[in-house]
Amino acid sequence: MCLIAFLFFHMMQFPIHPICKTMAESLLLPLVRGVAGKAADALVETVTRMCGLDDDRQMLERHLLAVESKLANAEAMSEKNPYVKSWMKELKSVAYQADDVLDDFQYEALRRQSRIGKSTTRKALNYITRHSTLLFRFEMSRKLKKVLTKINKLVKEMNTFGLESFVSREERQHPCRQTHSKLDDTTQIFGRDDDKEGVQQHFELKMWHCVSDNFDVIALLKYIIELAGSGRFDMPDTIELLQKKLEQIIGQKRFMLVLDDVWNEDERKWEDVLKPLLCSVGGPGSVIVVTTRSQKAASIMQTLEPHKLACLSEQDSWELFAQKAYSNGVDQEQAELVSIGRRIVNKCRGLPLALKTMGGLLSSYQHVQEWKAIEESNNRDNVRDKDEIMSILKLSYTHLSSEMKQCFAFLAVFPKDYEMDKDKLIQLWIANGFIQEKGTMDLTKRGEFIFDELFWRSFLQDKQESTHNYGTRGSYVIITCKMHDLMHDLAKVVTNECANIEELTQQKAFLKDVCHMQMSRGELEQISELCKGRTNLRTLLAPSKSHKDFKEFLQVSTSLRALHCCPYSVANCKVLNAKHLRYLDLSWSNITKLPESICVLYNLQTLMLIDCWELQELPKDMARLRKLIHLHLSGCGRLESMSPNFGLLNNLQILTTFVVDTSDGLGIEQLKDLQRLSNRLELLKLDKIKSGENAKKTG
């Protein structure tokens with residue numbers, strides 16, 4: 001049966017111009033500030049002092065602080081001065097090198113601390129002095145002096161630029177809201193009543209997939225089969241076999257398939273291959289809905305006249321904007337604020353994303369002068385960019401704190417329309433040092449605040465809560481979100497540190513300038529072609545599948561802070577130079593036992609072992625991982641016990657499962673010292689509790 005293809009066409013009326021590349025440099029300031037903070041860290045100072053290198057550490061700290069004070073002025077100058085721009089690029093490279101060196105000192109302190117307990121007495125410090133090997137001192141002296149030479153050269157160059165010291169804008173800007181009564185859970189939709197009429201009625205099967213730039217027919221067929229079958233399948237790689245699978249899964253069901261954000265302009269891919277395949281399945285009345293911003297893509301795929309999604313009316317625009325802008329104590333009755341708001345709404349020209357973004361930004365300010373300053377800034381950007389919509393998104397980005405800028409830019413590591421797990425996202429931010437503790441707010445709470453703020457300001461959207469079952473025993477809840485395509489475009493421009501294999505291949509580039517990468521299964525095959533020598537990768541999110549070149553690739557990735565991969569690739573963490581690692585995700589694998597070498601990851605903050613059904617044993621020395629904050633064991637049904645003296649992991653905030661045992665150091669009393677736990681905890685093998693007294697000890 002031939003399908004009726006109905007095209008739902010949403011054409012952006014505004015061209016997207018490239019954003020000024022200096023926005024990428026705005027991320028340099030928080031990087032330098034973070035490294036300067038690490039140079040002043042007490043653990044780093046302890047080890048450098050014992051190694052006779054504290055003068056060099058202090059010099060590095062002073063240089064970084066000097067650079068930080070003038071960096072904002074350098075960024076402004078770099079817009080017109082290519083020499084300053086080149087200097088900033090070199091500064092970023094050196095800042096990352098300095099961060100790794102300082103991290104080495106921090107790791108050494110943690111390594112020794114794990115062997116002598118938590119003592120910070122003179123006896124402990126003397127232990128470090130006596131047992132600091134000459135090899136470590138020599139190696140770290142060489143590394144530190146090498147970085148210091150480079151930063152010293154950059155400071156001398158900086159002093160020739162005539163830069164002025166600058167108080168960071170963050171110290172002058174209106175503070176962010178401290179509380180959220182609730183996330184933006186409103187379901188009201190403005191100005192779309194006519195567009196919603198009758199689209200989803202009487203379909204047995206409803207499927208939706210964001211296509212974006214990748215119109216690979218085999219990949220699309222696999223996605224559609226997975227959607228139709230509500231799960232993952234082992235699928236062939238030939239069109240003929242995939243067609244049989246498609247017929248088997250869909251059969252004669254009446255379906256609606258939404259192919260969202262299509263950019264394909266190759267008529268043959270649609271007319272000769274995909275269209276005949278899709279038209280060969282499904283019952284009478286099945287429909288394909290295609291959304292696109294490309295007029296050519298629309299003309300290729302349409303069988304009916306396109307439905308053009310109009311911009312919002314003036315009244316609907318105002319209601320959507322006002323819902324955001326006047327929600328946080330801003331006085332909508334104040335005539336001047338309403339007047340400024342009306343002018344800003346007119347500039348948004350009916351685009352919902354622009355209206356929500358500006359409304360979210362202005363809701364953080366309550367005074368007329370602040371609203372006027374934002375309006376004037378937007379006017380200046382419009383003159384420079386000739387693109388009102390993108391200038392609005394840029395303006396909202398520039399008003400983010402340094403922390404939020406880094407966290408938002410990191411989202412460029414994910415492909416368009418990727419469903420992001422809120423908790424994992426926050427843990428990845430923490431692993432990369434984007435989040436700093438503020439007052440009594442710990443890292444996780446701070447991350448949740450930043451997530452909520454980005455969502456409120458429409459940098460994130462489509463928040464959903466879902467329950468995932470593991471076995472017959474229990475379930476866990478995850479919150480996911482997505483990012484609008486235009487926000488994704490913005491993220492890709494404000495940072496050049498995120499890339500995937502496909503982009504690097506197209507640009508004929510290597511990995512040396514990439515810090516964050518997510519890989520698909522197919523891209524694993526191309527690793528060896530792109531990796532020439534050591535990489536600067538800090539985040540690597542790879543599929544849970546082993547590959548012959550992957551271990552070698554990990555061995556040259558010596559700066560990793562976050563890693564998701566097949567567990568067999570990390571069988572020996574010492575070999576992998578993983579001392580910087582803060583986040584390790586080995587979920588959904590059939591590993592039976594974690595390697596003991598995991599216990600040398602003294603910086604590890606997050607260990608993800610979700611749905612590792614075959615896992616039976618944790619490493620014996622796991623109690624050494626004193627910095628561990630999150631340990632996810634949901635779905636590890638065969639786990640026999642925890643590791644001995646588990647109560648020493650007293651920084652844990654998230655522990656999903658605890659398995660009780662009768663042996664010494666493995667009982668339920670180990671929970672009594674885990675005072676920071678803040679989540680629901682699953683207790684297994686409660687029949688092994690020795691006595692009621694032991695249970696009472698847990699509080």
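Excluded from the calculations below are hydrogen atoms, water molecules and symmetry mates; all remaining heavy atoms, backbone and side chain alike, are included. Everything quoted here is computed from the prediction, not taken from an experiment.
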task: Would you check if the side chain of S401 reaches a backbone N or O of M404 as a donor-acceptor pair within less than 3.5 Å?
output: yes

message: Closer than 4.0 angstrom, basic N to acidic O: yes or no for K222 and D216?
response: no

- prompt: Side chains of Q653 and D442: does their closest heavy-atom pair fall under 4.5 Å?
  reply: yes

task: With sequence neighbours excluded, tell me which residues meet side-chain contact (heavy atoms from CB on, under 4.5 Å) with Q97.
output: S93, V147, K150

- request: Might you point out which heavy atoms bring I224 and M207 nearest each other, and give the distance in Å?
  value: O-SD, 3.9 Å

task: Applying side-chain contact (heavy atoms from CB on, under 4.5 Å), run through L27 and K405 and close with a yes or a no.
output: CA-CA 7 Å; L27 297 172; K405 283 178 181 173; 3.8 Å; yes

Any side-chain heavy-atom pair of I430 and R582 under 4.5 Å: no

message: Set out, in order, the CA-CA distance, both residues' side-chain angles and the distance that settles side-chain contact (heavy atoms from CB on, under 4.5 Å) for I654 and T606, then state yes or no.
response: CA-CA 9 Å; I654 301 294; T606 297; over 6 Å; no

- line: Between V600 and Y107 the two heavy atoms that sit nearest each other are O-OH, 2.6 Å

query: So, W208 side chain and L259 main chain: donor-acceptor pair closer than 3.5 Å or not?
result: no

- request: Could you pull out all residues at least two apart from K146 that satisfy salt bridge (charged side-chain N to carboxylate O under 4.0 Å, His left out)?
  value: none

query: How close do A499 and K492 get, heavy atom to heavy atom, and via which atoms?
result: CA-NZ, 4.3 Å

query: Which residues satisfy the side-chain hydrogen bond (donor to acceptor under 3.5 Å, both in side chains) test with N603, sequence neighbours excluded?
result: none

statement: side-chain hydrogen bond (donor to acceptor under 3.5 Å, both in side chains) filter on D99, not counting sequence neighbours, yields K38, R538, R561

message: Could you check whether any side-chain heavy atom of I501 comes within less than 4.5 Å of a side-chain heavy atom of M517, counting everything from C-beta outward?
response: yes

field: Backbone N/O of S634 and side chain of T656: donor-acceptor pair under 3.5 Å
entry: yes

query: Will you find, in the side chains of W613 and D611, an N or O donor that is under 3.5 Å from an N or O acceptor?
result: no

Side-chain atoms of residues 408-420: list all donor-acceptor pairs with protein atoms under 3.5 Å, sequence neighbours left out, distances to 0.1 Å.
unit_1	atom_1	unit_2	atom_2	d
K416	NZ	D489	OD1	3.2
D417	OD2	K482	NZ	3.4
Y418	OH	Q518	NE2	3.2

query: Salt bridge or not for E497 and K92, using N-O below 4.0 Å?
result: yes

- prompt: Does a side-chain heavy-atom distance below 4.5 Å link I629 with Q427?
  reply: no

field: Contact check, side chains of L586 and M608, non-hydrogen atoms, under 4.5 Å
entry: no

- prompt: How about H580 and L560: do any of their side-chain heavy atoms sit closer than 4.5 Å?
  reply: no

field: Partner set under side-chain contact (heavy atoms from CB on, under 4.5 Å) for E448, not counting sequence neighbours
entry: K422, I426, T444, K445

query: Got a second to check how far D452's CG is from F455's CZ, nearest 0.5 Å?
result: 9.0 Å

- prompt: Once you round to the nearest 0.5 Å, how far does CD1 of I598 lie from CG of L618?
  reply: 10.0 Å

- prompt: Would N432 and T539 count as having a side-chain donor-acceptor pair, cut-off 3.5 Å?
  reply: yes

- line: Taken in chain and number order and not counting sequence neighbours, the residues that satisfy salt bridge (charged side-chain N to carboxylate O under 4.0 Å, His left out) with D462 are none

message: One pair to check against side-chain contact (heavy atoms from CB on, under 4.5 Å): D261 and T292. What are the steps and the verdict?
response: CA-CA 5 Å; D261 196 29; T292 183; over 6 Å; no

- prompt: Just wondering, do L563 and D585 contact through their side chains at under 4.5 Å, heavy atoms?
  reply: no

task: Could you tell me how the ring of W588 sits relative to the ring of H564: parallel (under 30°), tilted (30 to 60°) or perpendicular (over 60°)?
output: tilted

Closest heavy-atom pair and its distance - L594, I591: CD2-CD1, 4.0 Å

message: Which residues pass the side-chain contact (heavy atoms from CB on, under 4.5 Å) test with D421, not counting sequence neighbours?
response: D423, K424, I478

message: Would you say that more than 12 heavy atoms from the other residues, nucleotides or ligands in this model lie under 6.0 Å from the OH of Y223, or not?
response: no

- prompt: For A95 and V35, which heavy atoms make the closest approach, and how far apart are they?
  reply: O-CG2, 3.6 Å

field: Partner residues of E90 under the salt bridge (charged side-chain N to carboxylate O under 4.0 Å, His left out) criterion, sequence neighbours left out
entry: none

- request: State which residues pass side-chain hydrogen bond (donor to acceptor under 3.5 Å, both in side chains) with Q406; sequence neighbours excluded, sorted by chain then number.
  value: none

field: Under-4.0 Å salt bridge between R457 and E453
entry: yes

- request: Return each pair, listed once, that meets salt bridge (Lys or Arg N to Asp or Glu O under 4.0 Å) where at least one residue sits in residues 599-610; pairs must be two or more places apart or across chains.
  value: none

message: Let's go through F105 and L144 carefully: what are the C-alpha distance in whole Å and the side-chain angles of both, what is the deciding distance for side-chain contact (heavy atoms from CB on, under 4.5 Å) to 0.1 Å, and is it a yes or a no?
response: CA-CA 10 Å; F105 285 116; L144 183 57; 4.2 Å; yes

query: Going from OG1 on T558 to CG on D104, what distance comes out if it is rounded to the nearest 0.5 angstrom?
result: 9.0 Å

statement: Contacts of T357 meeting side-chain contact (heavy atoms from CB on, under 4.5 Å) (sequence neighbours excluded), chain-then-number -> L353, L393, S396, S458, M487

message: Closer than 3.5 angstrom, by distance alone: can the side chain of S86 be matched with the main-chain N or O of Y83 as a donor-acceptor pair?
response: no

field: Side chain proximity check, L540 to L554, heavy atoms < 4.5 angstrom
entry: yes

task: Could you tell me whether E403 and R33 make a salt bridge, using a distance below 4.0 angstrom between a side-chain N and a carboxylate O?
output: no

field: Taking every non-hydrogen atom, the tightest pair across Q436 and L443
entry: C-CD2, 4.0 Å

